[in-house]
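The structure under discussion appears below in the form of structure tokens.
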Amino acid sequence: MTTEPFEVIVQRHGPTVLRVCRALVGGDDADDAWSETFLSALRGYDELPGDANVEAWLVTIAHRRSIDLIRARARRAVPAEEIADRPAPARSGPLGDLDLLRAVAALPDRQRQAVAYHHLVGLPHEEVARVIGGTPAAARKAASDGVKALRERLGAATQTAPLTRTTDGEGR
Amino acid sequence: MTEHEKTEHETTVDDVAGTTADDTTEADAALVAALRAPASPDPDGDDPARLAALHARLERAAAAEGLDEIAYREIDSPYGSLLLAATAAGLVRVAFAIEDHERVLATLAEKVSPRILRSPARTGHVARQLDEYFAGRRRSFDLPLDLRLTAGFRRSVVEHLPHIPFGRTESYAEVATATGSPKAVRAVGTACATNPLPIVVPCHRVVRTDGTIGQYLGGTEAKLALLEFEGARPRR
């Protein structure tokens, strides 16, 4: 059983889980997905083995909770394309993180999940496969296809305004 | 763990880039880097405020289900930052900064429960009473206490201490007599040194028989300052 205070887990992984939730369910439901994820995690926290990969565990929970949310959204008959098929808005400035996550949210299910868990979180393909099902090779393909689709969708934006991190220097 | 993940990630980035020839563009490398770490500053970003609001929501939801087995907050005091931690039963731990709050929380996770959440709302009444005490408007505390971190003789000492009034002191020997073990003077010292609820359970009011102040888990300066603040005229 783990003995790290749960608050440490929230502080350490909260920001990444928020990006994952934005990429999985879109900005509007990301708060619900984040809250459901950490509440479920707190419920099951005493059963988490001490040597468990906490990040992979949280991703598994976020995965399930966001599937629940997407199903509930479908039942509420809110048009899914409202979130999913809206292209990233054209802007003159550099592409922001929220635009990028919105573009991920618009990918097909498996690509979206593979890109989120492998690229946003950094889970290896084997772990991603455990979460989304299928083989590690299929998870790798889904992540690769997802990046390709993102590049096509964001192509114009990335050409005019390269996605550079501030540590690489600004204004390039 | 984090180091391992980073390494894992770097290799898999190369893997993805290497799987097909048309994936090896610079745009992909930039894209993958942006996915891994947010390009900042984000023009639409409100993450710190958003995360604070989400945390508050988590605190409320956890409290509603009784999942936050330990709720804590930190407050400023004349004696430095104080950690206040409470269970459903009551205040379970008060800690000075020199005790290292992170370590105190880790110990609570081990001894009581790892379901620990920062929750200013759930510890608000404790903070309020301490603020009143530091402002000179309160002389005793009216709080439910959870004494599970102390047991046996130490616990009977901790239970006796609130009977020493504000502004007064007792010697270690007097406390030993009051708890029915007149010879256990050293054990009283140990009980005070391991008091899980300093200030609220006033172990600072226990001094040596000659009136000098003796040790204090918050440091002797804090003990002296507390006794002077209460008007007890301690001797160094």
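Proteins get letters first, then strands, A, B, ... in listed order; numbering begins at 1 in each.
The CD atom of E69(B) sits 8.0 Å away from the CG atom of L42(A) when rounded to the nearest 0.5 Å. Annotation: the span from L117(B) atom CG to F38(A) atom CZ amounts to 10.5 Å, rounded to 0.5 Å.
For D51(A), no part sits under 4.5 Å from any heavy atom of chain B, backbone or side chain. Looking at L39(A), both its backbone and its side chain come within 4.5 Å of chain B, counting heavy atoms on both sides. In this structure, chain A has a heavy atom under 4.5 Å from the side chain of E65(B), while its backbone stays farther away. With a 4.5 Å cut-off on non-hydrogen atoms, V115(A) touches chain B through its side chain but not through its backbone.
Between P5(A) and the options I116(B), V104(B), L108(B), T107(B), a side chain to side chain contact (heavy atoms under 4.5 Å, CB included) holds for only I116(B).
In this structure, Q215(B) places its CD atom where only 12 or fewer heavy-atom neighbours from other residues, nucleotides or ligands lie under 6.0 Å away. Within a 6.0 Å radius of CG in D76(B), other residues, nucleotides and ligands contribute 12 heavy atoms or fewer. In this structure, E102(B) places its CD atom where only 12 or fewer heavy-atom neighbours from other residues, nucleotides or ligands lie under 6.0 Å away.
Here the closest heavy-atom approach between residue R151(A) and residue D28(B) is recorded as NE-OD1, 2.8 Å. Taking all atoms of both residues into account, the shortest heavy-atom contact from R57(B) to S35(A) is NE-OG, 3.2 Å. Closest non-hydrogen pair, E4(A) versus A109(B), comes out as C-CB, 4.3 Å. When every heavy atom of V10(A) is checked against every heavy atom of H55(B), the shortest pair comes out as CG1-CD2, 3.8 Å. When all heavy atoms of L54(B) and D31(A) are compared, the pair lying nearest together is CD2-O, 3.7 Å. L31(B) approaches V147(A) most closely through the heavy-atom pair CD2-O, 3.6 Å.
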Run the numbers on R43(A) and L67(B) for side chain to side chain contact (heavy atoms under 4.5 Å, CB included), then give the verdict. CA-CA 7 Å; R43(A) 270 188 214 115; L67(B) 288 172; 3.6 Å; yes
Give the C-alpha distance, both sets of side-chain angles, the deciding distance and a yes or no for side chain to side chain contact (heavy atoms under 4.5 Å, CB included) between E7(A) and L105(B). CA-CA 10 Å; E7(A) 181 66 33; L105(B) 288 170; over 6 Å; no
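No other option in D68(B), L35(B), L58(B), I70(B) has as many heavy-atom pairs under 4.5 Å with chain A as L35(B).
Between the side chain of R115(B) and the backbone N or O of F6(A), no donor-acceptor pair lies under 3.5 Å.
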